[in-house]
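Accompanying notes for the structure given below.
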Amino acid sequence: MTLIATANSNRQTWSGLIEAYRPYLPVTETTPVITLLEGNTPLIPIPTIAQQVGRQVRVLVKYDGLNPTGSFKDRGMTMAISKAKEAGAQAVICASTGNTSAAAAAYARRARMRAFVLIPDGYVALGKLAQALMYGAEVLAIKGNFDQALTIVREMAESYPVTLVNSVNPYRLEGQKTAAFELVDVLGDAPDWLCIPVGNAGNITAYWMGFCQYHSVGLCERLPRLMGFQAAGAAPLITGQPVAHPETLATAIRIGNPANWQRAIAVQSASLGEFNAVTDAEILAAYKLLASEEGIFCEPASAASVAGMLKVKEQIPTGATVVCVLTGNGLKDPDTAIQHGQHSFKQGIEPEIAAVAKAMGF
Ligand code: F0G
């Protein structure tokens, strides 16, 4: 009993990322903090995949799928919704490929605000849609893609009493930059490389902001190379042209005209980084590898970071530390998992030991 009491009293409590990083964020004592205790997500080594790289390269994943609504969007949303509440907003709006809508809905409802979400009809993974509906968002599925939805909500926020919470809202990136802080806090310095999936290019921008801020106050010595990966069918940053009809099974990053395009280019050049495309087949291979070899289930878009890292592995310096960002939880997209999962699934077995043993191959 005594031992348990001691262990509990020694346990560090996590109060969410605004409290953890308050001095680095644009909040004051009067800002109402709307939090679900997001952040503080694990940084997990993936040694089996690292062996494919070899040369003593250390590879870890920042598993942001373990945030309260299952994606990194919670980091941005705690800030965006807290600031919207502070400004007296009563409703928020976003366009989304799914995760932003889930996070916006959860945080807005917690702040007693209405949440309107525009999604591309038929292209949002099932778990994400379920979340937005359950959290009480007003879901509007449009007969168009994410880029069209974003154009509409940007204009609506100018003419109607709704606050835009897409990553063009500066508070979103302020919240998301805390992921870079967490990496440095755990590793003691920035990694050599950060591999990250890129859609609307908010997250890559936010990571760079975070590393630069820590660097400017002397909390890290290094600045990483930021390696951004887009799906080959939705790769405007690689082709240099907007993609009118983006296509990829990684629906989270099915984006043809990123809102943060210019910032992403600036990050690439400042960090000496690169953008590269990964095919859906490469994304699926990494998605399966993470689950079956490392026990980590992320959503397809997230696996683009690992697929990309493996694609350009020859460029990784010997002995480097590489972090791949896993932006969303695999449970978000059960359809893709069941359709492509590398599983052995035998159905219709009689409920008898002999039948089960036979099915097991004994
Ligand atoms: N990974 C996941 C799981 C995402 O949901 C997104 C973006 C990204 C990566 C790309 O991040 O846009 O900052 O470059 N999802 C947005 C949404 C577009 O609506 O949920 P980005």
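Just follow the structure's listing: the first ligand is 1, and inside any ligand the first atom is 1.
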Give the residue, atom name and distance (to 0.1 Å) of the protein heavy atom nearest [atom].
atom	value
atom 12 (O) of ligand 1	N200 N, 2.7 Å
atom 5 (O) of ligand 1	N99 ND2, 2.8 Å
atom 4 (C) of ligand 1	A252 CB, 3.6 Å

**Message:** If the cut-off is 4.0 Å to any non-hydrogen atom of E299, which atoms of ligand 1 fall inside it?
**Reply:**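 Matching atoms, with element in brackets: 3 (C).
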Whether [Y] and [X] form a salt bridge (side-chain N of Lys/Arg under 4.0 Å from carboxylate O of Asp/Glu) is what I want to check.
X	Y	value
K83	E174	no
D192	R225	no
E293	K288	no

Relative to [atom], which among [options] owns the nearest non-hydrogen atom?
atom	options	value
atom 16 (C) of ligand 1	K332, K128, K73	K73
atom 17 (C) of ligand 1	I253, T327, T100	T100
atom 13 (O) of ligand 1	L173, N203, L237, V325	N203

**Asked** Between the main-chain N or O of L237 and the side-chain N or O of Q230, is there a donor-acceptor pair closer than 3.5 Å?
**Response**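 It does hold such a pair.
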**Item:** Minimal non-hydrogen separation, V278 against A304, with atom names
**Value:**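 It is CG2-CB, 4.0 Å.
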**Prompt:** When you look for heavy atoms under 4.0 Å from ligand 1, do you find them on the side chain of A201, its backbone, both, or neither?
**Reply:**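 The part of A201 near ligand 1 is the backbone, not the side chain.
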Between ligand 1 and [X], is the shortest N or O to N or O distance under 3.5 Å?
X	answer
S302	no
G202	yes
V198	no

**Request:** Identify, with sequence neighbours excluded, every residue that meets ring-ring contact (aromatic ring centres under 6.0 Å, His included) alongside F116.
**Result:**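 Here no residue qualifies.
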**Prompt:** Crowded around Q315 CD? As in, over 12 foreign heavy atoms under 6.0 Å?
**Reply:**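 Check passes, neighbour count above 12.
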**Request:** Can you run down the side-chain hydrogen bond (donor to acceptor under 3.5 Å, both in side chains) pairs that involve residues 178-190, sequence neighbours left out, and say none if there aren't any?
**Result:**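 Residue pairs passing side-chain hydrogen bond (donor to acceptor under 3.5 Å, both in side chains), neighbours aside: Y21-D185, K62-E182, R75-T178, R75-E182, D185-Y214.
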